[in-house]
Trainee: 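This is the structure I want to talk about, given as C-alpha cells.
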2 protein chains.
Amino acid sequence: MQRGWLLQGNRRLDAWPLQDRACAYGDGLFETVRINREPVLLGYHLDRMMAGCRRLHLSLERSDLESVLSQALHGVRDAVLKIMVSRGSGGRGYAVTPDMTPSVAVMLSELPQWPLANYRDGIAIRVCDTRLAIAPALAGIKHLNRLEQVLGRMEAAPEIYPEMLMEANDGRLIEGTCSNLFMVCDGTLVTPDLSDCGVAGTLRRWLLQAAETEIGAVKETSLTRSDLLASSECFVCNSVFGIWPIRQCGNQEWAVGKITRKLQDCTAPWFSVP
Amino acid sequence: MQRGWLLQGNRRLDAWPLQDRACAYGDGLFETVRINREPVLLGYHLDRMMAGCRRLHLSLERSDLESVLSQALHGVRDAVLKIMVSRGSGGRGYAVTPDMTPSVAVMLSELPQWPLANYRDGIAIRVCDTRLAIAPALAGIKHLNRLEQVLGRMEAAPEIYPEMLMEANDGRLIEGTCSNLFMVCDGTLVTPDLSDCGVAGTLRRWLLQAAETEIGAVKETSLTRSDLLASSECFVCNSVFGIWPIRQCGNQEWAVGKITRKLQDCTAPWFSVP
C-alpha cells in the first residue's frame, strides 16, 4: 500500500478501531477502482456501493463518498484505489444502534504488473472445489463477507491459475474469485445470472450495455461448467485488470475469439493494454 | 469495552492495520467467553477456535492463544472476553501469502445486565425473514462473516425480542442470531443439526454431553418451525447468557418446562443466575 487513511465522521484515523464492525462481522462494503489518469467507471462503483448501503441499511451519502475521494485522488494518475465502508464501531453483539457512525477507508496501491500473455493469449483456469452459498439477500453487492473467495483462491497458486471460477452450491457456474465470467454460446454472448450469489461487477455492467451496441444481443442466464466447455470463446473480466481471455480449462482449449478481442479493444484505453 | 489489545507476532497494537484481512474479508475467527471467576468452558472455546483455524488453513498454535489469554485474564473476575483471530495483514486480493502473520485481539467488556425475567419466565422470540445460506464449508465454526446475523438482528428491537431465530434457505430452523436452539419433541430433547450452516455453540456442546447423563437421550436432527410450535418446551442458549426459555413465538405460548429448568439449574453457577 502506498497511502491509506480512514475517516470516521470528521475524525481521521490510521487504523480500524478494535471494535470496528468491518473487522468484527464484515459489516460493510468495498470497491476496487483502477486509476488510469482518471478513476475508471467510478460512477458505477459508487452506484454499487450505494446499492450495498441500502441493502445493509447503512446510512452513508454518496456526496460524502465523493468528497472523500476528491481529496484522496488529488494528483493520483496511476494506481489501484480501494474504498471500504464500515458500519462503524461499537456495540456488543450483532444489534445495530443509532449512534454508530459509518467510516470510510481509502487505500492507494501500485498497479500489479500482469503478464502481457494474460491479455494476448489468455489464461488457464480451474473451477474451485469451494462453492458459493446461495444467498439472495447478499447477492450482487460487494460486501465484506468474503471467506468463500479466500478459500477458493487458496486452492491453487495464482502463478498457475491467475483466476479461478466458482460454482454455486447447486452447480451453476457463477463467477471468478475476483472477476465475472462471459462466454459465447451458440453465437450469443452470455454471462451468469447473479440473483442468487456473486458480485455484479462494474465492468460486467458496462459490457452488458456496450455489447448491445458493439456485438448485438447479450444475455444474463443460468450457466454450468458444461456450457463453458461447449462455448466457442470465453473470458473473465474485472474493473482492475480488464479482460483476460480463457485459453484452457481442463482438457478444453480455446483460441482468443473475435468477440473477446473486440471487447478488449473497446476497453483497452482504460487498462493500458499495449 | 473496558480493555483491549491486539498482538501481531510480538508486536502489540491498539487497532487493526488498515489492510488487515479480518476487516477486508472477514478472514478470521472469534469467540466470546463468559468470565465468572474463571473463564467458562474455555477449553471448548479454544477447541472451536482451533477447529476454525484448521478449516480456514490459518496457522496458529493453541499454546499461543493460551499464553495471550493468561496475560489478558490476570485478575479479571467478572467480564465478557472476546477473542478474535485474523489471518493478518497485507496482500492485495484474496490470495494468501506465506508471509502473513496471524494476529490475536483480546477485548474485555462489562457483563450486560439481562432482565431476570429472561431466565425465570422466558423470552418472546420471532423467526427472522433473513435466512442462513447453506454453506457446509463454513458451518459450525465461528468465523467473521456475520452479515446474515447482523441483518437478521436488525429486523426487530432487542427490547422486544431479546433473541431471534434463523432458518436456512431450505426452511429448516437452525439457531438464534447469537445462540443455539433446543426443544423437547415427543419427550426427547433435540437441537438442529448444524452440518450445513450455523455455529456449533460451546454451551450446546456441553448440553449435548450433559443431557445424556441428566435427562437421557438428546438428538441432533433436522427441525422446522412446525416442530418448534409443536414442542412441549424450548429454549435458546449461549455461553454468555446461559439458558433462556422461550415463552412465546407467534400465537404459541409455553410455560417453562422441567427439562429446561433442570438444565438451567445445572448451569446456574456459570451464569450467576440468582
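Throughout, a chain's letter reflects where its sequence line sits, starting with A, and its residues are numbered from 1. These values consider heavy atoms only, across backbone and side chains, with no hydrogens, waters or symmetry-generated copies.
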Trainee: Relative to chain A, which segment of B:Thr32 carries a heavy atom at a distance below 4.5 Å: side chain, backbone, both, or neither?
Mentor: side chain

Trainee: To the nearest 0.5 Å, tell me how far B:Asn145 CG sits from A:Leu138 CG.
Mentor: 9.5 Å

Trainee: Answer with side chain, backbone, both or neither: which region of B:Thr130 has an atom nearer than 4.5 Å to a non-hydrogen atom of chain A?
Mentor: neither

Trainee: How long is the span from the SG atom in A:Cys23 to the CG atom in B:Leu144, to the nearest 0.5 Å?
Mentor: 8.5 Å

Trainee: Where on A:Leu56 is there a heavy atom nearer than 4.5 Å to chain B: the side chain, the backbone, both, or neither?
Mentor: both

Trainee: Working to the nearest 0.5 Å, report the span between CG of A:Leu147 and CZ of B:Arg87.
Mentor: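 One finds 8.0 Å between CG of A:Leu147 and CZ of B:Arg87.
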
Trainee: Could you give the distance from NE2 (A:His57) to CG (B:Leu151), rounded to the nearest 0.5 Å?
Mentor: 6.0 Å

Trainee: Please look at A:Arg21 and chain B and tell me whether the side chain, the backbone, both or neither of the residue comes under 4.5 angstrom of a heavy atom of that chain.
Mentor: side chain

Trainee: With a 6.0 Å cut-off (strictly less than), is the heavy-atom count around CG of B:Asp99, excluding the residue itself, greater than 12?
Mentor: yes

Trainee: What closest approach, in Å, do A:Ala24 and B:Met84 show between heavy atoms, and which atom pair accounts for it?
Mentor: CA-CE, 3.8 Å

Trainee: In Å and rounded to the nearest 0.5 Å, what is the OH to CZ distance from A:Tyr94 to B:Arg146?
Mentor: 5.0 Å

Trainee: Need one label for A:Ala105: side chain, backbone, both or neither, based on atoms under 4.5 Å from any heavy atom in chain B.
Mentor: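 Contact with chain B is through the side chain of A:Ala105 alone.
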
Trainee: Around atom CD of A:Glu110, are there more than 12 heavy atoms from other residues, nucleotides or ligands closer than 6.0 Å?
Mentor: no

Trainee: Between B:Pro17 and chain A, with a heavy-atom cut-off of 4.5 Å, which part of the residue counts as in contact: side chain, backbone, both or neither?
Mentor: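 Interface part for B:Pro17: backbone (N, CA, C, O).
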
Trainee: If you count heavy-atom pairs within less than 4.5 Å of chain B, which of A:Leu6, A:Thr177, A:Val240 leads?
Mentor: A:Thr177

Trainee: Could you tell me which of B:Ala157, B:Gly90, B:Pro112, B:Ala137 has the largest number of non-hydrogen atom pairs under 4.5 Å with chain A?
Mentor: B:Pro112

Trainee: Has the side chain of A:Trp16 got a donor or acceptor atom that lies under 3.5 Å from a matching backbone atom of B:Leu18?
Mentor: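 Yes, because the side chain of A:Trp16 sits within donor-acceptor range (under 3.5 Å) of the backbone of B:Leu18.
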
Trainee: Is A:Asp20 close to chain B through its backbone or its side chain, or both, or neither, when contacts mean heavy atoms under 4.5 Å?
Mentor: neither

